[in-house]
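By convention in this document, chain letters (A, B, ...) are assigned in the order of the sequence lines, proteins followed by strands, and residues within each chain are numbered from 1.
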Number of protein chains: 2
Amino acid sequence: MSTTSSTPPTPSKSVTARALSVLGAFSALTPRLTLSQISRATGLPVATVFRLAGELEEGGFLQRDSSNYYSLGIKLWEMGLLTPVHGRLREIAMPFLLNLQYVTHETVQLAVIDGLDAVYVEKLTNVVDVPVQSRIGSRIPLHATAVGQVLLAYSDAALIDEVVELPLAEYTPDTITGKRALLRELSNVRDRGYAYSASEYLPGAVAIAAPVFVDGAIEAACGVVNYDNRADIEQCYAALQEACRGFSARLNELKAAGQSF
Amino acid sequence: MSTTSSTPPTPSKSVTARALSVLGAFSALTPRLTLSQISRATGLPVATVFRLAGELEEGGFLQRDSSNYYSLGIKLWEMGLLTPVHGRLREIAMPFLLNLQYVTHETVQLAVIDGLDAVYVEKLTNVVDVPVQSRIGSRIPLHATAVGQVLLAYSDAALIDEVVELPLAEYTPDTITGKRALLRELSNVRDRGYAYSASEYLPGAVAIAAPVFVDGAIEAACGVVNYDNRADIEQCYAALQEACRGFSARLNELKAAGQSF
DNA sequence: AGAAAGTTTTTCACTCAATGAAAAAGAAAC
DNA sequence: GTTTCTTTTTCATTGAGTGAAAAACTTTCT
C-alpha cells in the first residue's frame with residue numbers, strides 16, 4: 001500500500017557493486033585495461049580501483065601482465081563454464097552441433113533468448129578466414145535473424161507483444177520492421193516449424209533455424225547459415241531437423257533422469 | 001591433532017573477498033545452491049550471504065530460479081568469453097580443431113598450462129553418449145596425459161624441475177611416476193616433436209599431442225584421443241601436425257598484425 | 001490437521017573496513 | 001633536463017557492511 005513514488009532508494013554504490021563495475025569495464029572492444037583506464041571507465045577514484053583490482057586479481061578474476069595491463073582472469077572463464085547456459089545447454093548440444101556441421105559443411109549456431117535479445121551460445125565455422133560477424137556471447141536481434149525469429153515465435157505471447165512494439169532496427173532492405181509483418185512471419189514460423197531468413201540481418205546470408213523444446217517450452221534454437229547460397233537448403237533442413245530432434249530428446253531425457261534443472 | 005572443521009577456508013576477509021567466496025561456493029559438483037547452502041559452504045552468516053547474493057544477482061553474476069536455488073549467472077559466462085584463453089586462443093583454434101575432428105573422427109582437445117596443471121580449453125567429441133571423463137575447464141595432470149607432456153616438455157626448465165619433483169600420481173599401471181622416467185619421456189617428446197600416451201591416464205585411451213608455438217614459446221597443445229585403438233594413428237598424426245602448423249601460423253600472424261597480447 | 005525443524009527476509013545498533021584526498025614513487029613523454 | 005601521466009602508499013574520517021535476533025515463510029514429520 002505504498003503510495004510513495006517508486007524512487008529507487010539506491011543512490012550509493014555498494015562495495016560489491018563497485019567491484020563488479022570494475023569487471024564490467026572490460027568488454028570485447030577493451031579486453032585489456034590499465035588501472036587508470038579502469039578508473040576513468042568506471043568513474044571510481046584510482047585509489048579505490050587500485051584496491052579493488054588488487055583483490056580481484058587475488059581471487060583470479062583479473063590478471064595483470066608484464067606491462068601493467070589488466071585482463072579478465074582465468075577463474076572467470078572457469079566459472080562461466082559452470083553456468084547453466086554452458087553446462088546444461090552447450091555441452092549437451094555440442095555433439096549434435098558437430099554432426100550438423102559435419103553434414104552440412106555450413107556455419108552452425110545455437111542460441112537462447114535472454115531479455116529482449118537472442119544470444120549465441122555456440123557457433124561453429126570451419127572456415128578459417130571468415131570475417132567474424134558475431135561471436136559466441138554476441139547479442140543479436142530477435143526480429144531479424146532465423147534463430148531469433150524461432151525463439152520469439154515460440155515464446156510467451158507477452159514477450160512477443162513486447163518485442164513487436166519495439167522499434168525494429170532495419171539492418172538490410174530485407175529486414176522486417178513492421179509490427180504486422182513480423183507477427184505474420186512469426187505465425188509462418190510456427191506453421192512451418194522452422195524459420196527461414198534471407199539477408200534480413202546480413203546481406204547474402206541465408207539462414208534456417210528450428211526450435212528445441214524441453215517439456216513443451218522452447219529452450220533454444222539451432223540454425224544453419226550459408227553465405228552466397230552455396231548449400232542445398234533442403235539437405236540442410238533435413239539435417240537441422242534431425243539435430244534438433246536429437247538434442248530435444250537428449251535434454252528431455254536428462255531432465256527426466258537428472259534431479260534438477 | 002587435526003582441527004577438523006567443515007568451515008576452514010574463511011577467516012575474516014574483505015567484502016570483495018567475501019563476495020568472491022560466495023561465487024566460489026559453486027562448482028561442477030554443486031552448480032546450484034540455496035542461500036543456506038552457500039552460507040554453510042562459505043562459513044559466512046546467512047544474513048551476510050543474503051545481502052551479497054542479492055547484489056551479485058543484481059549484477060547478473062548469480063541467478064535465482066523458481067525454487068530459490070542460485071546458480072551462476074549469464075553475465076559470468078559472458079565475461080568468461082572475454083578472457084584471453086577464450087578470445088585469443090580457443091576462438092582462433094576452433095576452425096583448426098573442427099577440421100581435425102572432421103578428418104580424424106576422434107576426440108580432439110586443446111589445452112594450456114596453468115600453474116602446475118594442464119587445463120582443457122576445448123574438447124570436441126561427436127559421440128553423444130560418451131561417459132564424459134573431463135570437460136572443458138577440467139584440470140588434468142601434466143605428467144600423465146599426452147597434452148600435458150607436450151606442454152611440460154617445452155616449458156621452462158624451472159617448471160619442469162618443479163613438476164618432476166612433485167609426487168606423481170599413479171592413475172593406471174602405465175602412468176609414469178618416476179622422476180627419471182618422466183624426464184626421459186619429456187626428452188623423447190622433444191625429439192619426436194609430439195607426445196604419445198597409451199593408457200597413462202585412462203585405461204584404453206591412446207592419445208597423441210603436439211605443441212603450438214607463438215614466438216618460439218609454447219602456447220598450447222593440441223591432441224587427438226582415441227579409445228580402444230579404433231583409429232589409424234599415422235593418419236591422426238598427420239592431421240594433427242597440419243592442424244598445429246596452421247594454428248601456430250595463424251597465432252603468429254595475428255600477433256604480428258594485432259597490436260597487443 | 002498442528003507442531004517441529006529448517007530456510008529466507010527484515011530489522012537495527014555497533015563498528016570496522018572501505019574510502020579518497022593527498023603526497024610519494026615510478027614511468028613515459030617531451 | 002622538465003613536465004605529464006600513472007601507480008602505489010599513507011591515514012584520518014565515516015558510513016557501509018555487519019550479524020544476532022526475531023519475524024515471516026516453507027517444508028517435513030507425526
Exercise. Any side-chain N or O of R64(B) under 4.0 Å from OP1/OP2 of dT9(C)?
Worked result: yes
Exercise. Can R90(A) and E122(B) be counted as an ion pair, charged N to O under 4.0 angstrom?
Worked result: yes
For this session: Please check the phosphate of dG6(C) (OP1 and OP2 only) for any side-chain N or O of S36(B) closer than 4.0 Å.
Result: no
Exercise. When you measure from the side chain of N252(A) to the backbone N and O of F213(A), does any donor-acceptor pair fall under 3.5 Å?
Worked result: yes
For this session: Measure the distance from CD1 on I38(B) to P on dT9(C) and round it to the nearest whole Å.
Result: 11 Å
Exercise. Within less than 4.0 Å of OP1 or OP2 of dT6(D), is there a side-chain N or O belonging to T34(A)?
Worked result: no
Problem set entry | d(CZ, R51(A); C1', dA18(C)) in whole Å | 6 Å
Exercise. If you take atom types as modelled and just measure distance, does the side chain of R18(B) reach the base of dG17(D) with a donor-acceptor pair under 3.5 Å?
Worked result: no
For this session: Provide, to the nearest angstrom, the distance between the CD atom belonging to E55(B) and the C1' atom belonging to dG17(D).
Result: 9 Å
Exercise. Could you give the CG-to-C1' distance, from L44(A) to dA18(C), as a whole number of Å?
Worked result: 12 Å
Exercise. Whole Å only: how far is the CD atom of Q37(B) from the P atom of dT26(D)?
Worked result: 18 Å
Exercise. Counting distance only, does the side-chain N/O of D65(A) pair as donor-acceptor with the main-chain N or O of S67(A) below 3.5 Å?
Worked result: yes
Exercise. In whole Å, what is the span from the CZ atom of F50(A) to the P atom of dT6(D)?
Worked result: 16 Å
Seminar exercise, completed: By nearest-nucleotide position on DNA chain D, the 5'-leaning member of V46(A) and T16(A) is V46(A)
For this session: Rounded off to whole Å, could you give me the CG-to-P distance for the L52(B) and dT9(C) pair?
Result: 14 Å
Exercise. Are the charged groups of E78(B) and R139(A) less than 4.0 angstrom apart, N to O?
Worked result: yes
For this session: For L35(B) and dG19(D), give me the distance from atom CG to atom P, rounded to whole Å.
Result: 14 Å
